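Here the structure is laid out as structure tokens; the discussion comes afterwards.
A note on names: the letters A, B, ... follow the listed sequences, proteins ahead of strands, and every chain is numbered from 1. Nothing here was measured: the structure is a model prediction, and the numbers come from that model.
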Amino acid sequence: MIADLFAESRTLTLDPGAMLLGGFALGVAPALLEGVAAIAAAAPFRQMATPGGRRMSVAMTNCGAAGWVTDAAGYRYATADPLSGRPWPAMPPAFRDLARRAATAAGFAGFDPDACLVNLYRPGARMAPHQDIDERDMGEPIVSVSLGLSATFLWGGAARGDPKRRLRIDHGDVLVWGGPARRTFHGIAPLAAGTQPDTGETRINLTFRRAL
DNA sequence: AAGTATCT
DNA sequence: CGTT
């Protein structure tokens, strides 16, 4: 059946423990973007500094009990926004629900994120390949939601120098990785300029983690 | 090094 | 290469 073939083509296994769920978040994308606006009103996007002193091209904020931060002191999770001293905005129920459903679809039932890093990419913004290794329990997966402008996702291997696959990720796509793929090096190529109906000239990424 | 520059 |  054509519909089944289409549905099949929307899911791609990258490696054992790593899946691209094409369009998985499309239906809730408007609700997610409303949530992002509310979060940014309370905890504005800001370009953090790496421990090496370079300003990141991606602007970030967080919601949930913990938020990922970086500054001269290093990479870590913080329960308060360093800009305001107040707790990060609560994780909207629609965020948590989407993350849990995506994790379950990828074989990680029971995922309960306590942190959501919100990344804002403008044209030229990028994320150099890295591992997500600041979380306490590496047995918990990562759920990454793409909204707005399409991007090129770089999917590497267990070592920094491993070759990277280049995957186009579009509005509503969700990537989930865990288990044997949990420490895979990954990144985002410099964002190409463009316009998208829901987010204008930007890409928004929501990355859900169990941090604490 | 979740950063960049520079060379083959 | 270096406010890792």
Side-chain angles (χ1 to χ4, degrees), chain A residues 14-15 17-18 20 36 39-40 43-83 88 91 95 99 113-169 173-178 181-193 202-212:
Chain A
L14 304 176
D15 274 322
L20 169 59
V36 169
I39 291 159
F45 285 104
R46 81 293 305 261
Q47 287 175 258
M48 300 184 195
T50 66
R54 304 300 184 114
R55 195 171 168 222
M56 297 184 76
S57 58
V58 176
M60 300 176 165
T61 186
N62 291 275
C63 67
W68 188 85
V69 296
T70 175
D71 59 21
Y75 304 137
R76 64 194 177 278
Y77 283 92
T79 56
D81 180 351
L83 277 187
W88 297 105
M91 188 183 299
F95 281 41
D114 60 5
C116 175
L117 174 60
V118 185
N119 294 137
L120 172 64
Y121 290 76
R122 298 184 186 85
R126 60 179 301 241
M127 189 74 75
H130 65 279
Q131 296 170 299
D132 289 9
I133 51 172
D134 301 317
E135 298 75 31
R136 196 177 60 79
D137 182 359
M138 298 297 282
E140 298 288 341
I142 300 287
V143 174
S144 176
V145 180
S146 190
L147 298 167
L149 286 178
S150 299
T152 299
F153 191 85
L154 309 172
W155 182 252
R160 176 171 294 280
D162 286 346
K164 274 90 185 158
R165 293 175 65 177
R166 298 174 68 91
L167 301 159
R168 181 187 165 122
I169 48 174
D173 287 354
V174 180
L175 282 148
V176 182
W177 63 96
R182 181 59 175 75
R183 292 171 176 267
T184 301
F185 278 88
H186 59 281
I188 293 286
L191 190 74
T202 69
R203 170 177 184 263
I204 300 280
N205 167 255
L206 309 176
T207 306
F208 294 91
R209 298 93 183 266
R210 185 74 194 184
L212 305 181

Flag side-chain contact, heavy atom, 4.5 Å: [X] against [Y]:
X	Y	value
A/Leu120	A/Val58	no
A/Thr70	A/Met56	yes
A/Asn62	A/Tyr77	no
A/Val174	A/Phe208	no
A/Ile142	A/Arg182	yes

Note to self: Looking at A/Arg126, is its backbone amide N or carbonyl O close enough to the side chain of A/Ser57 to form a donor-acceptor pair, meaning the two atoms are under 3.5 Å apart?
What the structure shows: yes
Expressed as a whole number of angstroms, how long is the span from [X]:[atom1] to [N]:[atom2]?
X	N	atom1	atom2	value
A/Ile188	B/dA2	CD1	C1'	12 Å
A/Ile133	C/dT4	CD1	P	17 Å
A/Phe185	B/dA2	CZ	C1'	10 Å
A/Tyr75	C/dT3	OH	C1'	12 Å
A/Tyr77	B/dA2	OH	C1'	11 Å
A/Asp71	B/dA2	CG	C1'	13 Å
A/Arg126	B/dA2	CZ	P	11 Å
A/Arg55	C/dT3	CZ	P	18 Å

Note to self: Quick check for you: among C/dT4, C/dT3, B/dT4, whose closest atom lies nearest to any side-chain atom of A/Ala72?
What the structure shows: C/dT3
Note to self: Under 6.0 Å from the ring centre and within 45 degrees of the ring axis: does the NZ or CZ of A/Arg203 meet both conditions for the six-membered ring of A/Tyr121?
What the structure shows: yes
Check: Has A/Arg183 got more than 12 heavy atoms of other residues, nucleotides or ligands less than 6.0 Å from its CZ?
Finding: no
Notebook entry, point to check: Are there more than 12 heavy atoms of other residues, nucleotides or ligands under 6.0 Å from atom CZ of A/Arg168?
Noted result: no
Notebook entry, point to check: Are any of A/Arg54's side-chain N or O atoms less than 4.0 Å away from OP1 or OP2 of B/dA2?
Noted result: no
Check: In residues 153-169 of chain A, which ones come under 4.0 Å of DNA chain B, going by heavy atoms?
Finding: A/Arg160
Notebook entry, point to check: Can you list the stems that include DNA chain B, where a stem is three or more consecutive Watson-Crick or G-U pairs with distances under 3.5 Å?
Noted result: none
Next item on the list: Mind checking A/Thr70 for me? I need base, sugar-phosphate or nothing, with any heavy atom below 4.0 Å counting as a touch.
Entry: nothing
Note to self: For a quick check of understanding: with a heavy-atom distance under 4.0 Å over all strands, which category does A/Arg76 fall into, base, sugar-phosphate or nothing?
What the structure shows: nothing
